[in-house]
Amino acid sequence: MLNLAIASFILITGCQATAQPTDTLKNKINEIVSTKNATVGVSLIGNSGSDAITINGDAHFPMQSVFKFHIAIAVLAEVDKGNLSLNQQLTISEKDLMPGTWSPMAKKYPVGTSLSIGEIIGYAVSQSDNVACDMLLRLLGGPEKVNQYFAKNNFTDISIIVNEAEMQKDWETQFKNWTTPNSATNVIKAFYENDSLLSAESHTFLWETMKATSTGMMRFRGQLPADAVIAHKTGSSGTDKTTGITAAVNDIGIIFLPNGEFFILSVLITDSRENEAANEKIIADITKACWDFYSTDTK
């Protein structure tokens, strides 16, 4: 497989060529984050791969539910090997439901049920379901199997070593699962290009699942047209009541312009003393700045 560490920003994205220097966009993004009491990481790839903007691009940020996208890829790789099937049924018992955690699946099936692996991936990715997430990790043999998958395929700067149940035991555990903005963008890039990463069927399945994401509606989607096509995965930590610090407000994915061209964007926020609305607005403002920049017809 293509070594992503070497080919970090070689990408045929088809984004619209523009005469504007990318410094204009980077300055705008810096202007957005400069007054915020938070650490913000940004990684953008656009303009047929010739544009690469990073801010804190190699810093470590807690992933939170962003890692459910990575988990889905690892599960689908096993489907492609014939070790699993999207139609394979899994039994969800009442003891699996993790009371108090975010789980639309548990809310719908409070005493358990039986669902296919495909349905469980849908809950984990599109709805960021924590119960579904940990079921997929158990199916794989634990978080370390996801780590091994990405290391084997030459992805770097990813650490996935704890599940949702472990992250919710104490505040510090969440920091064991981290990525850099650049790495997050690289995984999105490799997924979209799909150069021997997944079968066509698995790729289409995950692509449609990401487009159906219903979480973080005020992040990438916050200031874009309602009909904008976006395939993405969000992540959130909540706020520590003692310190008032929010550890993670994230969104990574692919955003399509009205003409069908697109850019890849990862925005990760940590160590924030801003409120939830302000954190999400940081992401929305950055996304809108990128949208406006690449929508400008200067040809």
Side-chain angles (χ1 to χ4, degrees), residues 1-15 22 25-26 28-30 32-33 39-73 125 146 149-151 153-160 177-195 197-198 203 206-207 210-211 213 216 219-221 229-235 248-257 261-270 282-284 286-291 293-294:
M1 176 173 286
L2 179 67
N3 189 321
L4 295 178
I6 295 175
S8 294
F9 297 108
I10 300 175
L11 173 69
I12 299 177
T13 65
C15 289
T22 55
L25 178 56
K26 186 168 185 178
K28 177 62 177 177
I29 295 172
N30 275 319
I32 291 167
V33 305
T39 300
V40 182
V42 179
S43 178
L44 167 77
I45 298 176
N47 194 23
S48 300
S50 63
D51 292 352
I53 294 175
T54 67
I55 298 171
N56 294 320
D58 293 322
H60 293 189
F61 288 78
M63 300 177 86
Q64 278 291 337
S65 289
V66 161
F67 83 146
K68 292 167 185 171
F69 166 62
H70 299 69
I71 292 166
I73 290 177
V125 175
V146 183
Y149 169 83
F150 283 96
N153 285 284
N154 299 315
F155 292 90
T156 60
D157 294 325
I158 301 170
S159 173
I160 299 174
N177 287 350
W178 58 264
T179 186
T180 67
N182 287 341
S183 178
T185 298
N186 286 336
V187 176
I188 291 288
K189 170 178 76 82
F191 162 69
Y192 186 72
E193 288 183 326
N194 200 35
D195 180 15
L197 193 64
L198 296 173
H203 178 267
L206 185 52
W207 173 247
M210 291 181 70
K211 286 199 298 181
T213 291
R219 299 180 194 182
F220 278 177
R221 290 194 175 277
V229 176
I230 304 173
H232 63 129
K233 183 70 197 81
T234 61
V249 181
N250 304 330
D251 211 348
I252 69 171
I254 310 170
I255 300 165
F256 283 79
L257 300 165
E261 296 167 355
F262 60 89
F263 56 90
I264 297 176
L265 180 65
S266 296
V267 183
L268 309 177
I269 301 173
T270 193
I282 293 169
I283 297 176
I286 292 170
T287 308
K288 184 60 161 57
C290 295
W291 175 278
F293 182 84
Y294 286 112

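Numbers for residues simply follow the sequence, beginning at 1.
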Open item on the list: For the CG atom of D58 and the CG atom of N182, what is their distance to the nearest 0.5 Å?
Closed with: 5.0 Å

Open item on the list: Tell me the closest heavy-atom pair linking Q64 and A248, and the distance in Å.
Closed with: CG-CB, 3.7 Å

Task: Heavy-atom closest contact (I160 atom, H70 atom, distance) - done: CD1-CB, 3.8 Å

TODO: Check F256 against I254 and note the closest heavy-atom contact, atom names and distance.
DONE: CE1-CG2, 3.7 Å

TODO: Check whether any side-chain heavy atom of I269 sits under 4.5 Å from a side-chain heavy atom of R219, and report yes or no.
DONE: no

Open item on the list: I need the minimum non-hydrogen distance between K68 and V125, along with the two atoms involved.
Closed with: O-CG2, 3.8 Å

- [ ] Could you check whether the rings of W207 and Y192 sit parallel, tilted or perpendicular, using 30° and 60° as the cut-offs?
- [x] tilted

Open item on the list: Rounded at 0.5 Å granularity, tell me how far OH in Y149 sits from CD1 in I158.
Closed with: 10.0 Å

Task: Residues V40, I32; criterion side chain to side chain contact (heavy atoms under 4.5 Å, CB included); working and verdict - done: CA-CA 10 Å; V40 182; I32 291 167; over 6 Å; no

Open item on the list: Give me the atom names and distance for the closest heavy-atom approach of F61 to G41.
Closed with: CZ-N, 3.4 Å

Open item on the list: Any side-chain to backbone donor/acceptor pair from S159 onto W178? Under 3.5 Å, distance only.
Closed with: no

Open item on the list: Restricting to non-hydrogen atoms, name the atom on I283 and the atom on F220 that form the minimum distance, rounded to 0.1 Å.
Closed with: CG2-CD2, 3.7 Å

TODO: Could you give me the CA-CA distance, side-chain angles and deciding distance for H203 and L197, then say whether side chain to side chain contact (heavy atoms under 4.5 Å, CB included) is met?
DONE: CA-CA 8 Å; H203 178 267; L197 193 64; over 6 Å; no

- [ ] Give a yes-or-no answer on whether the side chains of S43 and S266 include a donor-acceptor pair shorter than 3.5 Å.
- [x] no

TODO: Could you grab the distance from atom OG1 of T156 to atom CG of N186, nearest 0.5 Å is fine?
DONE: 7.0 Å

Open item on the list: Looking at T180, is its backbone amide N or carbonyl O close enough to the side chain of S183 to form a donor-acceptor pair, meaning the two atoms are under 3.5 Å apart?
Closed with: no

TODO: Check whether any side-chain heavy atom of D251 sits under 4.5 Å from a side-chain heavy atom of V267, and report yes or no.
DONE: no

Open item on the list: Tell me if a side-chain donor or acceptor on N250 pairs with a main-chain N or O of P62 at a distance below 3.5 Å.
Closed with: yes

Task: Check: R221 and H232 side chains under 4.5 Å, non-hydrogen atoms - done: yes

- [ ] Given side chain to side chain contact (heavy atoms under 4.5 Å, CB included), test T179 with V187 step by step and report yes or no.
- [x] CA-CA 10 Å; T179 186; V187 176; over 6 Å; no

Open item on the list: Before we go on, tell me: are the rings of F69 and F191 under 6.0 Å apart, centre to centre?
Closed with: yes

Task: Spacing of I29 atom CD1 and I53 atom CD1 [to the nearest 0.5 Å] - done: 5.0 Å

TODO: To the nearest 0.5 Å, tell me how far L44 CG sits from D51 CG.
DONE: 7.0 Å

Task: Side chain proximity check, C290 to L25, heavy atoms < 4.5 angstrom - done: yes

Open item on the list: Just verifying a value: how many Å separate I45 CD1 and T54 OG1, rounded to the nearest 0.5 Å?
Closed with: 10.5 Å

Open item on the list: Contact between I73 and V146 at the side-chain level, heavy atoms closer than 4.5 Å - yes or no?
Closed with: no

Open item on the list: Can you confirm whether more than 12 heavy atoms, excluding those of K28, are under 6.0 Å from its NZ atom?
Closed with: no

Open item on the list: Counting C-beta onward and ignoring hydrogens, is there a side-chain heavy-atom pair between Y294 and E261 closer than 4.5 Å?
Closed with: no

Open item on the list: Is there a side-chain contact between F263 and L257 in this structure, where contact means two heavy atoms from C-beta onward sitting under 4.5 Å apart?
Closed with: yes

Open item on the list: Between L265 and T287, is there a side-chain heavy-atom distance shorter than 4.5 Å?
Closed with: yes

